[in-house]
Protein chains: 4
Amino acid sequence: MTDVTDTTDVAHVTPGTADPAGADLAADHDHGVHGYHKQKDEHLKRLRRIEGQIRGLQRMVDEDVYCIDILTQVSASTKALQSFALQLLEEHLRHCVADAALKGGDEIDAKVKEATQAIARMLRT
Amino acid sequence: MTDVTDTTDVAHVTPGTADPAGADLAADHDHGVHGYHKQKDEHLKRLRRIEGQIRGLQRMVDEDVYCIDILTQVSASTKALQSFALQLLEEHLRHCVADAALKGGDEIDAKVKEATQAIARMLRT
Amino acid sequence: MTDVTDTTDVAHVTPGTADPAGADLAADHDHGVHGYHKQKDEHLKRLRRIEGQIRGLQRMVDEDVYCIDILTQVSASTKALQSFALQLLEEHLRHCVADAALKGGDEIDAKVKEATQAIARMLRT
Amino acid sequence: MTDVTDTTDVAHVTPGTADPAGADLAADHDHGVHGYHKQKDEHLKRLRRIEGQIRGLQRMVDEDVYCIDILTQVSASTKALQSFALQLLEEHLRHCVADAALKGGDEIDAKVKEATQAIARMLRT
């Protein structure tokens, strides 16, 4: 009933990463590039793994796997998403928030408020 | 840099659902089918939507979208996953836990413990 | 700057506990007594420990303890509250939800929906 | 069954608040005073309100209030604790983290890592 081969498809769905060299070149010319730039490949790898987990969930539902086992897998995926978010947030604080502090003025207040609201959204989901 | 068409691919990646009639037939013969069976199509639809959100996240990272906007999208995906989990849990309580209560004996204790542990995992992610 | 006495004032706002013996008598005669009844002493002990943690937080703020250490203590208190909630929920499922299943009729649906909504509130805080 | 007096005993364990005036004086002379200093009164007010909620929970358990209503109140208390944590965190980012950025050197990395770990603990409770 299940087509196990569809997990191997995961690798095909990211044509955007086909030309990382070009992407890096563009980035070098771009002052506005955000803190997570250097970890981009790692982030994409994490997200593809999470995509694989979501497909795994579809397969589990399709094969009538026991509810509790599906819930365990949902928790793992949620955890993986939050791990990704935390890493993104750490880089954001290190770069964007710290930059705002160095620039002086009101921007630090705006940046800190914005980051705190993002954390509040993470907590409330 | 991004290939927007890859979102349309999402529909193609669920070959497992190609034969729902056959799946239902099998289910009709299976006493062990779980509570979520009737909502199967709805669950698969939800999960495909979440898969689309995860691909959207990959695109955002690939296009150097602002960190906070990515975090907002992560929160939306986490919320969608938890919504799915809650619906699954509701069906599980209605069917599996209620069945255990009707059967009598110790099974209800085991089922309730198992469900509570699943909820604890959801809370701790 | 701090008036320690005002925390003790909070004790005055609990007139409902003035006649616990009477309450228990009523409970013994009441079929509707809830699942957590037997664990009552354990629950009260847990809650008093959490109350102590909240007072500890007040002390920490008052003594200008380092923010991160306060946040660690907040996390411990939140975890303790959720542990308490999970135990209450487990007893509720074992007693109230299982009872509804045995009674038959529509009550099980209402009880399961109500429990799921409570879990959703726990997740979203 | 309930011994109301033992809740008031908890007040004895807070000797640290015995000399708040002295503590404030010390704070005025201390450059290391943390970001939340100015909001101290507001924080203490919030925490006393949360303490009141926890006592309310004890009362509810003692009076055999319906489980689901107790869970609703637990969710409200958890939410209030997280609100408090978010405000503390916002002040911490605005002051301690921004200060580390201005000082230069490696301290910003350590501070950002520390803050992210605190957020991770908040998420995982």
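Throughout, a chain's letter reflects where its sequence line sits, starting with A, and its residues are numbered from 1. Just so it is clear, the model here is predicted, and its values are computed rather than measured.
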Region of C:Leu89 that comes under 4.5 Å of a non-hydrogen atom in chain B:
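When you check distances to chain B, only side chain atoms of C:Leu89 fall under 4.5 Å.
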Are there donor-acceptor pairs under 3.5 Å across chain C and chain B? List atom names and distances.
residue	atom	partner	partner atom	Å
C:Arg94	NE	B:Asp109	OD1	3.0
C:Arg94	NH2	B:Asp109	O	3.3
C:Asp109	O	B:Arg94	NH2	3.3
C:Asp109	OD1	B:Arg94	NE	3.0

Best-contacting candidate, C:Ala115, C:Ala100, C:Ala101, against chain B by heavy atom pairs under 4.5 angstrom:
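The option with the most such pairs is C:Ala101.
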How long is the gap from CG on B:Leu93 to CD1 on C:Ile119, to the nearest 0.5 Å?
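One finds 6.0 Å between CG of B:Leu93 and CD1 of C:Ile119.
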